[in-house]
Amino acid sequence: MKYDFDKETIRRGTQCVKWDEAADPEVLPMWVADMDFEVAPCIAEVLQKRVAHGIFGYALVPESYYEAVIGWFSRRHGWNIQRDWILYTSGVVPAMSCAIKALCMPGEKVLIQTPVYNCFFSSIHNNGCQVVENELRRTGDTYEIDFEDFERKCADEKTTLFLLCNPHNPAGRVWSKAELQHMNDICMRHGVRVVSDEIHCELVMPGCVYTPFAAAADDCQRNSITLSSPSKSFNTAGLQIANIVCQDAEVRRRIDRAININEVCDVNPFGPIALEAAYNEGEEWLDELNQYLYQNYLALKEFFANRLPQLQVMRLEGTYLVWVDIRSLGLSSDGLTEKLLNEGKVFVNSGTMYGRKAGEGYIRINIACPRSRMLEGLERIATVIGKLNKK
Ligand SMILES: Cc1ncc(COP(=O)(O)O)c(C=O)c1O
């Protein structure tokens, strides 16, 4: 490997949410979706150069920024975006909130597939709308869509928007083209618009293929808004830059208006240049990252098979967030998560964050860290669970 993902950079004490949230310095964090890897050298270089300039006034987003976004999606994913379809803002969650504000009236229903990323719930509620859950159906070590239930919920005239997570956090699914088309057919039939959060789109395991929702079929583009950012895959979440891609000029105008009303139209000077570096020069680094993450996943699977066979690791097609079925322990997700933190000093996410019902019985483990660190975290988990069995 050209890049060193085994390097254990110390993050504690850097005002880092992942490492500095827990007051106890012994805690090993495997929670929030943030990686312990240093960014690709091409990103570090442009940021260092920008810092050396020494002035950090309001930033302008240049044409080269749009070219980088267009070039990346066309080259890497075969999706052709036009320059004027792109709006930028300070994050995918702000983008999601603006899309809901622009497209839904308060009181309307927004469909989501649970268990799902926690901010889906808050974004819908914060905009005065109601959450409607199309619970994913557990089959073996993975999840499928319950299309009958999906259609029933789309048919409700109060349902006006479907918030898709593609790839899906925390279910680990990279939706197939056929699944995306099927969802779109149903949405089109019932006049439901689609907002697709594709922040995890570059984090895909070998053998799995990410399809942008908008590129899954001809009418997907017209009926959807895509939210994306290089922040998860290139580890630049703190630089706060994201894009909204929307072909429909009137919908775009409404979203643009919401971006201004929510005051999230300004970005900092670092986000856009980091995005350009990532999309123009970061491909080789990203490919190696995905290989490393896959090896971590295999190592985790082996660890669970040998040491914690009573727990089921769900199949990971995309993201670096492993979803683990803990139901055999007879403990609640919140109960186990608390025990792991207090007794094992390892910080994972409780499944209930992603849906009180749909996420109960699961925990989410972030494996985007040097392998030795991940294995240390897994040892801590095994120690706590080992003690449970003896009681
Ligand atoms: C599906 C999904 N969307 C959005 C975000 C956060 O996006 P941002 O930090 O750009 O607001 C996350 C972070 O974990 C996520 O998993």
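Just so you know, ligand 1 is whichever comes first in the structure, and atom 1 is the first atom listed for that ligand.
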Side-chain donor-acceptor contact under 3.5 Å, Arg152 with Asn134: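 Their side chains do not contain a donor-acceptor pair, so the 3.5 Å distance test is not met.
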
Just by distance, with hydrogens left out, do Arg137 and Tyr143 show a side-chain donor and acceptor under 3.5 Å apart?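 There is no such pair (donor and acceptor under 3.5 Å, judged by atom type) between the side chains of Arg137 and Tyr143.
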
Rounded distance [0.5 Å steps], NZ in Lys339 versus OG1 in Thr337: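 Rounded to the nearest 0.5 Å, the NZ-OG1 separation comes out at 12.0 Å.
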
In a simple table, one pair per line, please give the protein and ligand 1 atom names for every N or O pair closer than 3.5 Å, along with the distance.
from: ligand 1; atom 1: 3 (N); to: Asp197; atom 2: OD2; distance (Å): 2.5
from: ligand 1; atom 1: 10 (O); to: Val92; atom 2: N; distance (Å): 2.7
from: ligand 1; atom 1: 11 (O); to: Val92; atom 2: N; distance (Å): 3.3
from: ligand 1; atom 1: 11 (O); to: Val93; atom 2: N; distance (Å): 2.9
from: ligand 1; atom 1: 14 (O); to: Lys232; atom 2: NZ; distance (Å): 3.2
from: ligand 1; atom 1: 16 (O); to: Asn169; atom 2: ND2; distance (Å): 2.8
from: ligand 1; atom 1: 16 (O); to: His200; atom 2: NE2; distance (Å): 2.8

Tell me if a side-chain donor or acceptor on Thr319 pairs with a main-chain N or O of Leu321 at a distance below 3.5 Å.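 The answer is yes, because a donor-acceptor pair under 3.5 Å joins these two groups.
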
Derivation and outcome, side-chain contact (heavy atoms from CB on, under 4.5 Å), residues Trp323 and Ile365: CA-CA 7 Å; Trp323 192 237; Ile365 305 177; over 6 Å; no

Salt bridge present between Asp149 and Lys153 (N-O < 4.0 angstrom):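 Salt bridge between Asp149 and Lys153, a charged N being under 4.0 Å from a carboxylate O: yes.
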
